[in-house]
Amino acid sequence: MKPTASNGSEPRNFFQDVHEVVRLIPPGRVSTYGTIAHYLGARHGARTVGYAMLAAHTAEQYVPAHRVVNRLGHLTGRLHYTSPTAMQEALEAEGVRVEEDRVLDFAKLFWDPAVELA
DNA sequence: TCTTTGACAATCC
DNA sequence: TGGATTGCCAAAG
């Protein structure tokens, strides 16, 4: 809560960066926290990305957080949705097969910004 | 090979 | 105001 934005460095809100990348994820594709964190330059900042997702519902623009899962393909944030099945249904509506709170063919649906946006 | 610890940014109480 | 916590990942032991 102390935006020490008096330095020469640019403390661009990590949330905005994360939300921006998540919005770039095309429908029917999924990405992971670590990939986004790595794309932003923070390999160990995956946790921060996860927290940014927690605040996704506070963003002005809609953030398809349902397209972001952990590295194992688990729908970790499903409990944070309005309903426990909202995330799964949202993914299935886009053609993503979800079973047991896991994304099937996760390797094929995986979307890497560093590669797709290269 | 499996287990454990380190890491980054922001929010809540 | 500060410490603990959070939708976690990667590397070291």
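Naming convention: chains lettered A, B, ... in sequence-line order (proteins, then strands); numbering from 1 in each chain. Scope of the values below: all heavy atoms of this structure, side chains included, with no hydrogens, waters or symmetry mates. Not measured: the values here are computed from a predicted model.
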(message) Expressed as a whole number of angstroms, how long is the span from M53(A):CE to dA9(B):C1'?
(response) 13 Å
(request) Could you tell me which non-hydrogen atom of A46(A) sits nearest to which non-hydrogen atom of Y33(A), and how far apart they are? (result) O-CB, 4.1 Å
Restricting both atoms to N or O, compile the protein contacts to nucleotides 8-10 of chain C shorter than 3.5 Å, with distance only.
{"unit_1": "dC9(C)", "atom_1": "OP1", "unit_2": "R71(A)", "atom_2": "N", "d": "2.0"}
{"unit_1": "dA10(C)", "atom_1": "OP2", "unit_2": "R71(A)", "atom_2": "NE", "d": "3.2"}

(request) Write down the distance between CG (N13(A)) and P (dA10(B)), rounded to a whole number of angstrom. (result) 7 Å
(message) Distance check, P atoms only: dT3(B) and dG7(C), in whole angstrom units.
(response) 24 Å
(message) Nearest whole Å is fine: how far is dT6(C) P from L79(A) CG?
(response) 13 Å
(request) Please examine the side chains of V69(A) and H74(A), heavy atoms only from C-beta on, and report whether any two atoms are closer than 4.5 Å. (result) no
(message) For DNA chain B, which residues of residues 102-115 of chain A approach it to below 4.0 angstrom with any heavy atom?
(response) none
(message) Are L75(A) and V103(A) packed together at the side-chain level, in the sense that at least one heavy-atom pair is separated by less than 4.5 angstrom?
(response) yes
(request) Taking the side chain as every heavy atom from C-beta outward, state whether V22(A) and R67(A) have any pair of such atoms under 4.5 Å apart. (result) no
(request) Count the heavy atoms belonging to other residues, nucleotides or ligands that lie under 6.0 Å from CZ of R97(A), then report whether that count exceeds 12. (result) no
(message) In this structure, how many angstroms lie between the P atom of dG7(C) and the CG atom of L54(A), rounded?
(response) 6 Å
(message) What is the distance, to the nearest angstrom, from the NE2 atom on H57(A) to the P atom on dG7(C)?
(response) 11 Å
(request) Please work out whether the ring planes of H66(A) and Y81(A) are parallel, tilted or perpendicular, with thresholds of 30° and 60°. (result) perpendicular
(request) Tell me what A65(A) touches on the nucleic acid: a base, only sugar-phosphate, or nothing, going by heavy atoms under 4.0 Å. (result) base
(message) In the structure I gave you, are the side-chain heavy atoms of W111(A) and L24(A) within less than 4.5 Å of one another anywhere?
(response) yes
(message) If you define the side chain from C-beta out and look only at heavy atoms, does anything of F14(A) sit under 4.5 Å from V49(A)?
(response) yes
(message) Stem list for DNA chain C, please, built from Watson-Crick and G-U wobble pairs under 3.5 Å and keeping only runs of at least 3.
(response) B:2-6 with C:9-13, B:9-13 with C:2-6
(request) Answer with base, sugar-phosphate or nothing: what part of the nucleic acid does V49(A) contact at a heavy-atom distance below 4.0 Å? (result) nothing
(request) To the nearest Å, give me how far apart NE2 (H80(A)) and C1' (dT11(B)) are. (result) 13 Å
(message) Are the side chains of V18(A) and V68(A) in contact, using a 4.5 Å heavy-atom criterion?
(response) no
